[in-house]
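Computed from a predicted structure; not experimentally measured. Along the sequence shown, the residues carry numbers beginning at 1.
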Amino acid sequence: MHTDPLVFSVFLIFTGAAVCAALALYAGQSLLIAYIFLGAAVGPWGLALVEDSRTIASVGHVGIIFLLFLLGLNLHPQKLLRMLREAVLVTLLSSLAFAAVGTAIALAFGFSLRDAWLIGACMMFSSTIIGLKLLPTTALHHKHLGEVIISVLLLQDLVAIGLLLAVEAMGLETVSALEVLEIAVGPALLAAAAFAAARHALLPVMQRFDTIQEYLFLAAVGWCLGVAQLGHVMGLSYEMGAFIAGVALATNPVSTFIAESLKPLRDFFLIMFFFSLGAGFELPRLPDVALPALALAVAMLVMKPWTFRALLRWEQEKVPLSAEAGARLGQVSEFSLLVSALALSAGVMGEDAAYAVQAATLVTFIVSSYWIVARYPTPIATNAQLRRD
């Protein structure tokens with residue numbers, strides 16, 4: 001009997017995830033770790049039961065898009081602008097510090113100056129997925145802790161988009177003025193178009209049929225993915241487009257229903273994303289990059305929480321909030337995986353440098369998520385007293 005590869009992959013992912021998640025809970029580990037290890041075990045470089053990790057990664061990317069959309073749904077535009085203004089210095093100074101340390105470590109291990117610079121640049125960012133996935137909904141949308149973390153992550157995402165453009169330009173050796181203009185004014189243009197379309201087209205129709213929940217769900221998904229695609233066409237990231245789509249609806253009461261109804265769909269795709277992280281890493285290359293990757297991971301795991309804590313204290317935030325925000329931002333980002341992959345494909349970064357970034361990122365994901373789940377309130381905490389949805 002013929003077996004559809006995609007169906008078989010989905011079967012392995014979710015059946016395996018259910019088993020590994022149960023084992024992780026018994027062992028007091030983070031569920032995210034279980035998904036990553038499952039991917040490594042059955043992916044192309046493990047048992048090879050799932051051979052096409054790229055397709056899984058593309059599908060899993062949808063989870064990040066929904067995550068940013070749901071975030072935007074709970075942020076009023078005026079509140080968002082105030083948050084971003086307060087986080088500019090924290091984000092700028094921390095990014096420069098992480099880039100400098102990452103570059104120095106890479107140079108110490110003999111990487112070329114270009115590779116070292118790119119490795120350092122990849123260390124600048126914290127994970128949007130870890131930061132938001134492990135925040136309870138009450139903290140994410142109604143507490144100052146959530147505001148601080150969100151504002152830093154959003155500014156980092158803007159920097160990451162600029163870095164992706166820079167990497168692409170390094171590969172092409174030239175970059176058009178139009179591409180620079182897209183990055184400079186694209187977010188404002190997309191936001192203006194999204195707010196106008198939401199106010200004059202989408203919301204009136206939603207209000208007209210607000211008793212039909214199936215339609216509201218369908219319209220919300222279509223709106224999210226449509227604006228995300230438009231953002232991509234304009235030279236921005238899908239994530240940025242999805243976030244703007246959410247903010248455009250944030251002032252309307254329907255945003256609360258949409259946010260609740262899309263959570264299961266978000267989690268479905270995020271499981272596939274974390275699986276793809278483990279499946280996509282080339283395990284045979286690990287011995288070649290183990291030492292620099294471990295050095296980068298340890299440096300970031302130690303430095304990031306301390307740096308964010310110090311900068312937030314400098315901004316007059318309270319000690320408990322500064323410490324918790326620093327811990328929740330204390331890992332390398334999925335954007336680092338994207339930057340290293342793009343740089344490698346463009347021929348501007350060596351293979352060892354790219355895989356060192358990927359290995360370091362996965363290590364920080366595993367250690368940081370375990371630390372957060374063990375010490376702070378999260379929706380997937382193994383300790384019932386810390387479990388908050």
Side-chain angles (χ1 to χ4, degrees), residues 5-53 55-67 70 127-140 260-281 283 301 327-328 330-334 337 358-359 361-389:
L6 181 59
V7 174
F8 181 66
S9 297
V10 173
F11 156 73
L12 279 178
I13 291 170
F14 287 93
T15 303
V19 174
C20 291
L23 295 175
L25 290 174
Y26 275 115
Q29 303 294 313
S30 165
L31 295 182
L32 305 185
I33 297 176
Y35 306 149
I36 293 172
F37 273 104
L38 174 65
V42 304
W45 306 102
L47 299 175
L49 297 177
V50 175
E51 298 182 355
D52 188 7
S53 62
T55 299
I56 302 300
S58 297
V59 175
H61 188 203
V62 179
I64 309 176
I65 293 173
F66 281 126
L67 184 67
L70 295 178
S127 173
T128 300
I129 296 179
I130 298 291
L132 301 185
K133 172 69 174 175
L134 297 183
L135 262 180
T137 302
T138 53
L140 183 60
E260 290 300 318
S261 63
L262 289 185
K263 279 184 179 180
L265 190 62
R266 173 205 65 183
D267 291 340
F268 174 88
F269 286 108
L270 283 180
I271 289 172
M272 301 189 76
F273 172 80
F274 284 106
F275 175 91
S276 70
L277 288 184
F281 184 72
L283 294 176
L301 287 168
R328 290 182 182 274
Q331 68 291 122
V332 187
S333 171
E334 59 278 353
L337 300 174
Q358 294 175 19
T361 301
L362 289 179
V363 170
T364 64
F365 268 33
I366 292 169
V367 176
S368 178
S369 62
Y370 175 73
W371 182 255
I372 295 169
V373 168
R375 290 181 60 88
Y376 299 105
T378 68
I380 58 174
T382 54
N383 185 335
Q385 294 180 343
L386 292 176
R387 194 174 302 127
R388 303 283 192 279
D389 200 355

- prompt: Where is the tightest heavy-atom contact between Glu334 and Ser127, given as atom of each residue plus distance?
  reply: OE1-OG, 2.6 Å
message: Could you work out, with side chain to side chain donor-acceptor pair (under 3.5 Å) as the rule, every residue matching Ser9, not counting sequence neighbours?
response: none
Minimum side-chain heavy-atom gap Val42-Phe275 below 4.5 Å: yes
field: Those residues that, when tested against Val19, pass side chain to side chain contact (heavy atoms under 4.5 Å, CB included) (two or more places apart)
entry: Leu23
- request: Of all the heavy-atom pairs spanning Leu12 and Leu38, show the shortest one and how long it is.
  value: O-CD2, 4.2 Å
- prompt: With a 4.5 Å heavy-atom cut-off, do Ile366 and Tyr370 have their side chains touching?
  reply: no
message: Going by side chain to side chain donor-acceptor pair (under 3.5 Å), name the residues that satisfy it together with Ser369, two or more places apart in sequence or in a different chain.
response: none
statement: Shortest non-hydrogen pair, Pro44 vs Ala279, comes out as CD-O, 3.3 Å
statement: Those residues at least two apart in sequence (or on a different chain) that pass side chain to side chain donor-acceptor pair (under 3.5 Å) with Gln358 are none
field: For the student: nearest non-hydrogen atoms of Ala327 and Tyr376, plus distance
entry: CB-CE1, 3.5 Å
task: Please identify each residue that fulfils side chain to side chain donor-acceptor pair (under 3.5 Å) with Ser368, with sequence neighbours left out.
output: Gln331
query: So which heavy atom on Arg328 is nearest to which on Pro136, and how close?
result: NH2-CD, 4.2 Å
query: What are the two closest heavy atoms between Leu134 and Thr378, and how far apart are they?
result: O-CG2, 3.2 Å
- line: Distance col, row Leu135:CG vs Ile130:CD1, nearest 0.5 angstrom, shows 11.0 Å
message: Just to verify, what does Ala41 make a side chain to side chain contact (heavy atoms under 4.5 Å, CB included) with, not counting sequence neighbours?
response: none
- prompt: Of all residues at least two apart in sequence or in a different chain, which pass the side chain to side chain contact (heavy atoms under 4.5 Å, CB included) check with Ile271?
  reply: Ile13, Phe14, Ala17, Tyr35
query: Phe66 versus Asp267: any side-chain heavy-atom pair under 4.5 Å?
result: no
message: Going by side chain to side chain contact (heavy atoms under 4.5 Å, CB included), name the residues that satisfy it together with Thr15, two or more places apart in sequence or in a different chain.
response: Phe11
